[in-house]
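First up is the structure itself, then whatever we jot down about it.
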Amino acid sequence: IHTLEMMNPCVVLVWFLAIFTSCCNSMPLSVQKRWIIDDATGERVKLHCSHWVAHAKPMLAEGLDKLPMNVIAANVAKAGFNCVRLSYATYMFTRYANNTVRDIFHSYDIPEIATAIEKHNPSVLNMTHLQAYEAVVDALGEHGVMVLIDNHLSLPDWCCANGDQNGFFGDRHFNTTEWIQGLAFVARHFKGKPNVFAMDLRNELRGSRQNWNVWYKYVSEGVKTIHEINPDLLIIVSGLSFDNDLSYLKTRPLDLNIANKIVYESHVYSFSGDTGRWHVQPTNWVCNATIQLFIQQSGFLLSGKNPAPLFVSEFGYNMEGGNFADERYWPCIVSYFTSVDLEWSLWAFQGSYYFRQGKVGPGETYGVMDSDWKEYRDPNFTQKIQLLQRMIQDPNSKASKSHILFHPSTGYCAHVNDKEVVMGDCKSNSLWSFEGDGSPIRLMNSAMCLKAVGEGLPPSLSQDCLSAQSSWKAVSMSGLHLASFAKDGELLCLEKDSNSTKIVTKKCICIGDDDPSCLDDPLNQWFRLVPTNV
């Protein structure tokens, strides 16, 4: 923001107009096999989004007590996100659309929050909930940010619990008629908004009443309702069990005649299963189990005879650090996401809440922004998601396949500088060729390849690409240890040096598939050769 303030105002205007034009010329979007494409050009559009909560009890996009709405929208774009998953609760528009923001804060008796909103966004308190929501959509559009309108729940509240009666069709707070009315209202009201590209049907279906047949009935009805009113929109379809499970589509696909507008969504966190397993089982084991479960439940959609787009609409990590499970889950899941170049939305952008679960002004530990909404909560955040935000695979590319040597724990990519391999940002990384286990890792357009030299030493760049020391393979259950043999026959793994940007080779950590007692930390040795044709 400070950088923008120092720029020539005309330059700033041209820059924002360029982004906005790029955004809005990419509408509408459609589906082509597993990819999302721009209807006008046929080019792929990769979604790399962040979530902005507006569905909670105050029924207002968070953070307007901290900064002007326009500044928050600019910060979303500055952080590299091209879209926002902006949530709402059905009742916001079916019951409370014409109530004012001032009224809701008065009802919760939190005048200090209302005063802060008035300071930073003086017009918002007198807006209705609908007007305030629309103002956020427009502010994001002014900064070239696309919007996915997310039906998070019906009763405005924190989400989610199995027994909250807000989770499945027919629950106390999930009247299906009112839900359809809400979808129809949103589809109609936001029709023509140039940056609104999608709606999702419902977040995290859950509860004891979950049923496949009921899911098919109401998902079909919801999709048809939106499409008949606004046929340009992508429609995001969630599965069961808190958006974790779409496996039933393997045997019974969703049979609709608008397949080019359907995108499926899934969620995955460190706590999407047994969080404690990260503490008591080898990290490579848990990572492998996490990825295999994800593929079984939703990742399968990306391949096969009828591939479909999969949008991971929630994932994230504790950005304050110190969360044992998250510190292992994050590089594990990111390595997989980059390998298949998934569409995604990070939970979450907001750094704080007006009012959450009985507390006024609590912070969001998974939030990109800190509690003041002025700095990144994790100082290394932008590096960690840099490769995720890039388009790595382009279905229209005629370029030959190559690989990016990626270190998911740090978000760094390998560079060759003066014949030395070092880790750096992922904007201008070196490219490598790799034909699979047992083959050399060659520098593209070069006769050079990586060669293991010895314990604790950097691998060399050598023209000797046929020796055992130049033969590399993935050796752990996670598939994230790249190993070769030193001259003395010892198996060595690539490792990021903990005190520098160098890559070295060291004895492999916990690579045995049959040793449940090995709980050493292997993260510095996790590397992924990410395929790319861009």
Side-chain angles (χ1 to χ4, degrees), residues 18-49 77 80-83 144-148 194-198 231-237 253 257-266 295 298-313 334-345 385-406 413 425-436 442-445 528-534:
I19 293 178
F20 183 65
T21 302
S22 173
C23 156
C24 300
N25 281 347
S26 293
M27 304 296 163
L29 305 181
S30 288
V31 165
Q32 188 178 80
K33 295 184 178 179
R34 64 149 291 192
W35 308 106
I36 295 170
I37 62 166
D38 178 344
D39 270 3
T41 65
E43 297 295 320
R44 182 189 174 194
V45 176
K46 178 177 177 176
L47 304 180
H48 42 95
C49 317
F81 298 109
N82 68 351
C83 58
V145 179
M146 300 182 290
V147 174
L148 156 61
N195 64 317
V196 174
F197 74 98
D232 286 341
L233 291 178
L234 293 179
I235 302 171
I236 315 296
V237 176
N257 293 324
I258 51 172
N260 71 325
K261 292 293 182 179
I262 302 297
V263 176
Y264 295 98
E265 71 175 321
S266 181
I295 293 171
S298 59
F300 69 90
L301 288 163
L302 299 173
S303 58
K305 292 183 179 179
N306 298 296
L310 179 63
F311 173 57
V312 179
S313 56
V334 164
S335 69
Y336 173 73
F337 282 14
T338 54
S339 73
V340 294
D341 204 14
L342 273 175
E343 326 288 335
W344 52 266
S345 180
I385 67 164
Q386 191 177 76
L387 185 59
L388 275 173
Q389 290 182 323
R390 277 177 51 180
M391 187 186 298
I392 304 170
Q393 297 181 24
D394 179 358
N396 296 319
S397 173
K398 292 180 172 56
S400 58
K401 186 178 80 170
S402 58
H403 293 82
I404 301 163
L405 184 55
F406 177 53
C413 294
D425 69 45
C426 293
K427 294 180 179 178
S428 57
N429 53 273
S430 299
L431 293 175
W432 308 83
S433 68
F434 183 65
E435 301 301 324
R442 296 178 183 269
L443 184 64
M444 288 290 287
N445 302 316
R528 170 76 78 177
L529 281 163
V530 176
T532 181
N533 65 352
V534 177

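Since we're looking at a predicted model, the values are computed, not measured.
Between D39 and D232 the shortest side-chain heavy-atom distance does not fall below 4.5 Å. No side-chain heavy atom of I385 sits under 4.5 Å from any side-chain heavy atom of H48. When side chains are defined from C-beta on, F197 counts as touching L47, because their heavy atoms get closer than 4.5 Å. With a 4.5 Å cut-off on side-chain heavy atoms, V145 and N195 do not count as touching. The shortest side-chain heavy-atom distance between Q389 and C426 does not fall under the 4.5 Å cut-off.
Partner of R44 under the salt bridge (charged side-chain N to carboxylate O under 4.0 Å, His left out) criterion, chosen from D394, D341, D38: D341.
In this structure, N306 places its CG atom where only 12 or fewer heavy-atom neighbours from other residues, nucleotides or ligands lie under 6.0 Å away.
A pairwise comparison of heavy atoms in V196 and L233 identifies O-CD2, 3.6 Å as the closest pair. Here the shortest heavy-atom pairing between C413 and N429 reads CB-CB, 3.6 Å. Smallest separation of non-hydrogen atoms from V530 and L387: CG2-CD2, 4.4 Å. Nearest heavy-atom pair across R528 and S339 is NE-CB, 4.1 Å.
Taking CH2 from W344 and SG from C83, the interatomic distance works out to 8.5 Å, rounded to the nearest 0.5 Å. In this structure, CG in N260 is found 9.0 Å from CG in L234, a value given to the nearest 0.5 Å. The CG atom of N445 sits 11.0 Å away from atom OG of S430, with the distance rounded to the nearest 0.5 Å. Of the inter-residue distances, the one linking L529 atom CG with S335 atom OG reads 11.5 Å to the nearest 0.5 angstrom.
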Side chain to side chain contact (heavy atoms under 4.5 Å, CB included) between L302 and L342, intermediate numbers included: CA-CA 9 Å; L302 299 173; L342 273 175; 3.6 Å; yes
Starting from the C-alpha separation in whole Å, work towards a yes-or-no answer on side chain to side chain contact (heavy atoms under 4.5 Å, CB included) for K46 and N82. CA-CA 9 Å; K46 178 177 177 176; N82 68 351; 5.6 Å; no
One pair to check against side chain to side chain contact (heavy atoms under 4.5 Å, CB included): V31 and I262. What are the steps and the verdict? CA-CA 7 Å; V31 165; I262 302 297; 5.9 Å; no
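In this structure a side-chain-to-backbone donor-acceptor pair under 3.5 Å is present from T532 to I392. Listed for the K33 side chain is no donor-acceptor partner under 3.5 Å among the backbone atoms of P309.
Not counting sequence neighbours, the partners of P231 by the side chain to side chain contact (heavy atoms under 4.5 Å, CB included) test are H227. For the salt bridge (charged side-chain N to carboxylate O under 4.0 Å, His left out) test, no residue two or more places apart in sequence or in another chain qualifies with R34. Scanning for side chain to side chain contact (heavy atoms under 4.5 Å, CB included) contacts around S313 gives R85, D243, E265, H267, F311, with sequence neighbours left out. Legend: residues meeting ring pair (Phe, Tyr, Trp, His ring centres under 6.0 Å) with Y336, ordered by chain and number and at least two apart, are F294. Partners of F337 by ring pair (Phe, Tyr, Trp, His ring centres under 6.0 Å), not counting sequence neighbours, listed by chain and number: F315.
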Less than 3.5 Å apart, which donor and acceptor atoms pair up between the side chains of residues 396-406 and the rest of the protein, not counting sequence neighbours?
{"from": "N396", "atom 1": "ND2", "to": "G42", "atom 2": "O", "distance (Å)": "2.9"}
{"from": "S397", "atom 1": "OG", "to": "A399", "atom 2": "N", "distance (Å)": "3.0"}
{"from": "S397", "atom 1": "OG", "to": "N533", "atom 2": "O", "distance (Å)": "2.6"}

